[in-house]
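Reviewing the structure listed below.
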Amino acid sequence: MMKIKEVIVLAFLNKTALTPLLLTYDNVSMYLHIDHQECALFGVESSEPFYRIHEPLLLAHGIMTDAKTVHLVVLKTSGELCYTLISGSSTPQTTLIAQLDVRTTKYRRLFLFPQGKIIHIFYASTHQAIPDVWHIEHRLWNGNSWLSTRMGEVVHPREPLYHVNLDSQGNLHFLTVTFQGRHSLLFTNRFNGTFNIWGSPAETLKIPGEIVDIAALMTSDNIHHLYWIVKTPNGQFELRSAQQSDAHELSSTWHPAPAPIKTFNTPCKNIGALELNGVLWLLARTVEEVLMINNGNGWRLISSKPVLHQPLLWVHKARRNFHQTYWLEDQAERRAPAFYRELGFTLKDKVTPVPTPVQTTQPILAQDIPPVPAFYPGQIPSDLPSLASVTLNEVESSTPSPIEVNVIPEVIEAPATTNIPDNSSEDVLPSLPMKENAELERLITTVAQLEQENTKLSDVLQSMLSKFDQILGAISDNVSQPKQPRKSKQKTSHYEEFEHPQTVFETSFEEPDAVKEAMANLEKETEGLSQVLRVMMAKQEQSDSSLENLGLQISQLQEDKEVKNKGGFWNKWIT
């Protein structure tokens, strides 16, 4: 009885409504259900969870780093901050990070970034006596131990307004918005993924008014977007934005848009932002649920409905980008995002999975934390099967996903400059029709023939160089070591030389004849080698021309594939 009362008191002190999570990695998704008594991880259409924690919780968060790997971090009512790795059918492994004070402090907004053996965890906390001042904490597993860094403070009466984004080079971008009476200040900082160090926080933007909520995202071409809701003096709420053109540049400035995206006459509490297939989406929740799209031609309204859906936290991880944003859960289709039709989803028939036993684990010592197979920017994890060898049915058999591609006309209009697709032969092969596959096979065969021809030319060139060395060696010997008279002539006296001057004369002039003969041979060899070189150059020109044609054909195939894939949200993820 005392334990139940303690849980109720702690839940009341923290005053947090736990939000379920939709975890997606490319075209695979999972659902993390959270309440104050437990959390359970489900396949999208599975009725039984394959992982569950039977303990009272204050916070829980997760992320997928490949189709079978999930990382979780939870804060229990006991104050234990724990990290769990769930990888395939292996036993989940849990480690205790820290023991936090949950009696006098409340916690909000978790972020989790596994990167190889490096793990980043962020959360905000505030003391009950000073509820408006939020402290942002960064917990870092460096491969050997857990480190802790205080990132600074955010002043806000309700929520800690901070966000963390990941760019294509593995750097973390830290944004905070703090309220100072009449203005809100944006501070930014960056964690260098190569040297694992933080820079210095900098004030980068001054925004008039009190900001109610923020949303931020990093596009795949490293353009940083920030959106916020600000309360105006006349009682309205404006949705505004700013953009950082190149997040890799430390000196890159933020450029706020001159006009608001939309103005609301009623309070707007939450906003969410996504980049899907190069198209930007914004979700704002007032007395209505407002969905907007920007495909390069400005923002326009897609849907505006009365509030019907429940909040959902959407954490998406792909090979080129990361999104964590506020969203809504569809009430008709369980564990699917609201507005899935507008976003380009269609729901598959339900698949009955083979349930695996529910596994729970006890905390182990922090130094025993296992290596974390996770995302590296610009690389495909080595423990993942090749995309060319994995079919959609194989993905469904391991983790059923209810979502597939549905082409939307608005998405087709997306400009290519907002998203740079990363096309490779492995990305193209699985999604191309049979005709294009046959064309690629022909091109690959041509490349192999050209490589074989280049190998033969290289052998001929080596033989030519060897002959040149032999000729030059012979010339060098003839020049540096003049031919000596025959042995019978070596012991002649001065008298004999006087008596037979013709013999001595002939002997001294034998060397120029040998040089002439060697030079004649050299000219013949050079003429023959020149012919061979001309043949080689002609073949090389043919090879260059063939390779150029091959590049043009591959580029055309990739452009055709890109046009086909621009239509659907999940189409890009599948390919």
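Predicted, not measured: the structure shown is a model, and the values here were computed from it.
Arg285 is linked by a salt bridge (charged side-chain N to carboxylate O under 4.0 Å, His left out) to nothing, counting only residues two or more places apart in sequence or in another chain. Legend: residues meeting side chain to side chain contact (heavy atoms under 4.5 Å, CB included) with Ala338, ordered by chain and number and at least two apart, are His309, Leu328. Arg190 pairs by the salt bridge (charged side-chain N to carboxylate O under 4.0 Å, His left out) definition with nothing, not counting sequence neighbours. By the side chain to side chain contact (heavy atoms under 4.5 Å, CB included) test, Asn189 is found to be paired with Met151, Phe174, Trp198, Pro201, residues two or more places apart in sequence or in another chain being considered. Legend: residues meeting salt bridge (charged side-chain N to carboxylate O under 4.0 Å, His left out) with Glu288, ordered by chain and number and at least two apart, are absent. Remark: Asp35 pairs with His33 by the side-chain hydrogen bond (donor to acceptor under 3.5 Å, both in side chains) rule, at least two apart or across chains. Listed by chain and residue number, His163, Asn165, Leu226 satisfy the side chain to side chain contact (heavy atoms under 4.5 Å, CB included) test with Ala216 (two or more places apart in sequence, or in another chain). The salt bridge (charged side-chain N to carboxylate O under 4.0 Å, His left out) search around Glu137 returns Arg150, not counting sequence neighbours. Taking the side-chain hydrogen bond (donor to acceptor under 3.5 Å, both in side chains) definition, one finds that Tyr31 meets it with Glu329, sequence neighbours left out. Partners of Thr188 under the side chain to side chain contact (heavy atoms under 4.5 Å, CB included) rule, at least two apart in sequence or in another chain, are Leu175, Leu186, Thr204, Trp254. Residues satisfying the side-chain hydrogen bond (donor to acceptor under 3.5 Å, both in side chains) test with His323, not counting sequence neighbours, are none. In this structure Trp327 satisfies the ring pair (Phe, Tyr, Trp, His ring centres under 6.0 Å) test together with Trp314, sequence neighbours excluded.
Both tests pass for Arg335 against the ring of Phe42: distance under 6.0 Å to the centre and angle within 45° of the axis.
Salt-bridge annotation for Glu289 and Lys305: absent, with no side-chain N of the basic residue lying under 4.0 Å from a carboxylate O of the acidic one.
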